[in-house]
There are 2 protein chains.
Amino acid sequence: MPDPKQTKASPNMADTDIAIVRIAPETSFKNKAYEALKEAILKMDIYATPEPVMLDERALSERLGVSRTPIREAIAMLEQDGFVKTVPRRGIIVVRRTKSEIVDMIRAWAALESMAARLITTTARKKDISALRDFFKDFSDDRLPQDHVEEYSKANIAFHQALISLSESPVLVDLTNDLLLHVRGYRQLTIGRKDRTATSLPEHLGIIEALEARDTELAEKRARDHTLGLAAYVEAHGQELFT
Amino acid sequence: MPDPKQTKASPNMADTDIAIVRIAPETSFKNKAYEALKEAILKMDIYATPEPVMLDERALSERLGVSRTPIREAIAMLEQDGFVKTVPRRGIIVVRRTKSEIVDMIRAWAALESMAARLITTTARKKDISALRDFFKDFSDDRLPQDHVEEYSKANIAFHQALISLSESPVLVDLTNDLLLHVRGYRQLTIGRKDRTATSLPEHLGIIEALEARDTELAEKRARDHTLGLAAYVEAHGQELFT
DNA sequence: ATTACGTTTTTGGCATACCAAATGCCACGA
DNA sequence: TCGTGGCATTTGGTATGCCAAAAACGTAAT
C-alpha cells in the first residue's frame, strides 16, 4: 500500500529504487543483554553443582558494559521465559527443573509435534517431506547412530525442528522451540542416550513414511509415540541423569 | 529442612508454632504493573478500532502512580508474552492478531488439550472426571445453550480449563492458559458462537464419556476434533469477526 | 567457646535525569 | 500553493543514585 503522496516522485528523488535496505535497527542493549544472558544460561550446566546458580545484576552490568537498567529488563524477560527467578533482597536464581518437569515438557512437546505431523500431511509438499531424510544421510548400518551419539543428537534436534517447521504453524514452532531450550538444559540427556539412539532412527523414518503417505492419523500417532517414548525413557532412567 | 541452629529455641521464642505464614511478599510494583496492564489489555477490545492501540510509558506511570522503571519492566514482560510490541522511538503497540494467527493458536490448543485428555484417562480419578459435567448442569433441552450464549461461553471456558487441570500437567495448564488469553481477545468470537454452540455440548459430553471409559485413543481424538472444529469454524466464518 | 546483638555490606526495587532519534508543526521561500 | 528546512516535542533507551530489607560479619557478654 504505497503512500499516495509518493506516487509522484519529488524532483531530486531517483526514479529507480536504489538499494536502500531499511537501515539496521540496531537492537537495544536490553535485547542484547537478553540474548547474551539467555545464551550464557543455556551454555552453562546448571545441574553440575548442587548449590543453586545465582546471578548478580551489578556484576552482569559491569561484564556487559551497560548499566543495570537494561540488565534488569532482560532479567524480567528471562523470568517470563522461566529461565530465572528473582527473589527480592536475595538474588536472581537460575531455575533448575525437576525430572517430572522435564518429563512434563517432553509430553507437551509430543502433543505439539503430533499436531504438526497432522498438519503436514495435508499441506506440506512431498519434496520437503522427503528432504527430512537428509538429516540422517550420514548414518547407516555401517555407521550406526549409537556409535556417534553426539553427532546423532544434533541431527536429531535438527530433524525435529525441521519437522515442526514444515507445519507452517508459527505457534507450534515457537512453543516447541521454547520447550526444547528448557529440555536441552539437561545436556547429559542428549535427547535420547545411547540405548535409545538405536530405536530412534527407525522411528524417525517411520514418521517420514507416514507423512509421505499422507496418512494423517498414522503420522500423528507415530510422531506422538516417538516423543512420548522419550518422555517415558527420561521418567524411567532419569534418576542418574539428575542427582 | 529446619535450620539446625533453631532446633533449640531461643528463650523468647514461642514453643508452639504460631500462625506465621511467611509474611506477605508484598508483590513488587513491577508485578503489580504487569498484572494491571495485562488485565487492562485483555479487557479492552483491541479489534474495535481500525487504528492500532498505543500505550505511553509516562502516561501509564502517572496513572499507576509509579515511576517509569517498573512500568518498563512490566512492558518487557508483556512483550515476551506477545501482548505488546515496543518500537523504538515510536511507541508501544498492543498486538493485534490476524485470523490465521488465532486459528493457529486454536490448533495448538487442540494439540495440548488432546494430550491432556490422553493423560487423564490414565491418571485422573473417576469422581473428578464426572465432576466435569457440573459445568453444564444449568443447561438442558429446556434451557438450550444457544439461548444463553454468554453464559454458556463462560461454562465452556471453565470446562476446558478444568479438563486440562485434570491432567495434572503444569506445562499443559500454563501453555493453554496463555493461548486462551490470546484467543479470548476476540470477544466477538465467544468461543463458538450461537451456531456452534448447539453442537458443542454433545461433544463435551462425548469427551467426558470417553474419559470415564478410560479410552485413551478415543478421548484424545474427541478432544482434538472438538477443538479443531472450533479452529475450522473460525477459519471459515472468521471474515465477519475480523472486519 | 558460644550466643546474643549491633554494624556493615550486599542486593534488588524504584525514582529521576538526560540522551538521541523520529515526528510534527510552522515559517519561509520558490 | 506547494515543498523545503528546521526547531520543538514526543518517546523509548540508558545511566545513576538512593532506599530498605536481608544477609554477613564482627564484637562483646556470659
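All values below were derived from every heavy atom in this structure, side-chain atoms included, with hydrogens, water molecules and symmetry-related copies excluded.
Comparing A:Asn31 and B:Asp56, the nucleotide of DNA chain D nearest to each residue sits closer to the 5' end for B:Asp56. In this structure, A:Arg58 and B:Pro70 both approach DNA chain C, and ranking their closest nucleotides by distance from the 5' end singles out A:Arg58.
The interatomic distance linking A:Lys30 (NZ) with D:dA15 (P) rounds to 13 Å, in whole Å. A:Glu73 has its CD atom 15 Å from the C1' atom of C:dG12, to the nearest Å. When the P atom of C:dT11 is taken as reference, atom CD1 of A:Ile71 falls 15 Å away, rounded to whole Å. Rounding to whole angstrom units, OH of residue A:Tyr34 and C1' of D:dT14 are separated by 20 Å. In this entry the distance linking CZ of A:Phe29 with P of C:dC18 reads 20 Å, nearest Å. The distance from atom CD1 of A:Ile93 to atom P of C:dG12 is 10 Å, rounded to the nearest whole Å. To the nearest angstrom, C1' of C:dT10 lies 12 Å from CD of A:Glu57. Whole-Å rounding puts the B:Glu62 CD to D:dT11 C1' distance at 14 Å.
Here B:Leu55 lies in heavy-atom contact (under 4.0 Å) with sugar-phosphate atoms only. Heavy atoms of A:Thr69 sit under 4.0 angstrom from at least one base atom.
Considering CD of B:Glu113 and CG of B:Leu180, their distance stands at 8.5 Å, rounded to 0.5 Å. The CZ atom of B:Arg118 sits 13.5 Å away from atom OG of B:Ser169, with the distance rounded to the nearest 0.5 Å.
The side chain of A:Arg68 has D:dC18 as its nearest neighbour among C:dT11, D:dC18, C:dA15.
In terms of phosphate contacts, A:Ser67 brings no side-chain nitrogen or oxygen within less than 4.0 Å of OP1 or OP2 of D:dT14.
Residues satisfying the salt bridge (charged side-chain N to carboxylate O under 4.0 Å, His left out) test with A:Glu73, not counting sequence neighbours, are B:Arg72. Residues that satisfy the salt bridge (charged side-chain N to carboxylate O under 4.0 Å, His left out) test with B:Glu35, not counting sequence neighbours, are absent from this structure.
Counting all heavy atoms, side chain and backbone alike, B:Ala231 lies closest to B:Arg107 at CB-CG, 4.2 Å.
Of the N and O atoms on the side chains of A:His182 and A:Asp178, not one donor lies less than 3.5 Å from an acceptor on the other residue.
In this pair, A:His226 and A:His160 present their aromatic rings parallel. The plane angle is below 30°, not in the 30 to 60° band.
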Hey, what are the protein-to-nucleotides 23-26 of chain C N/O distances that come in under 3.5 Å?
unit_1 : atom_1 : unit_2  : atom_2 : d
C:dT23 : OP1    : B:Arg90 : NE     : 3.3
C:dT23 : OP1    : B:Arg90 : NH1    : 3.1
C:dT23 : OP1    : B:Arg90 : NH2    : 2.9

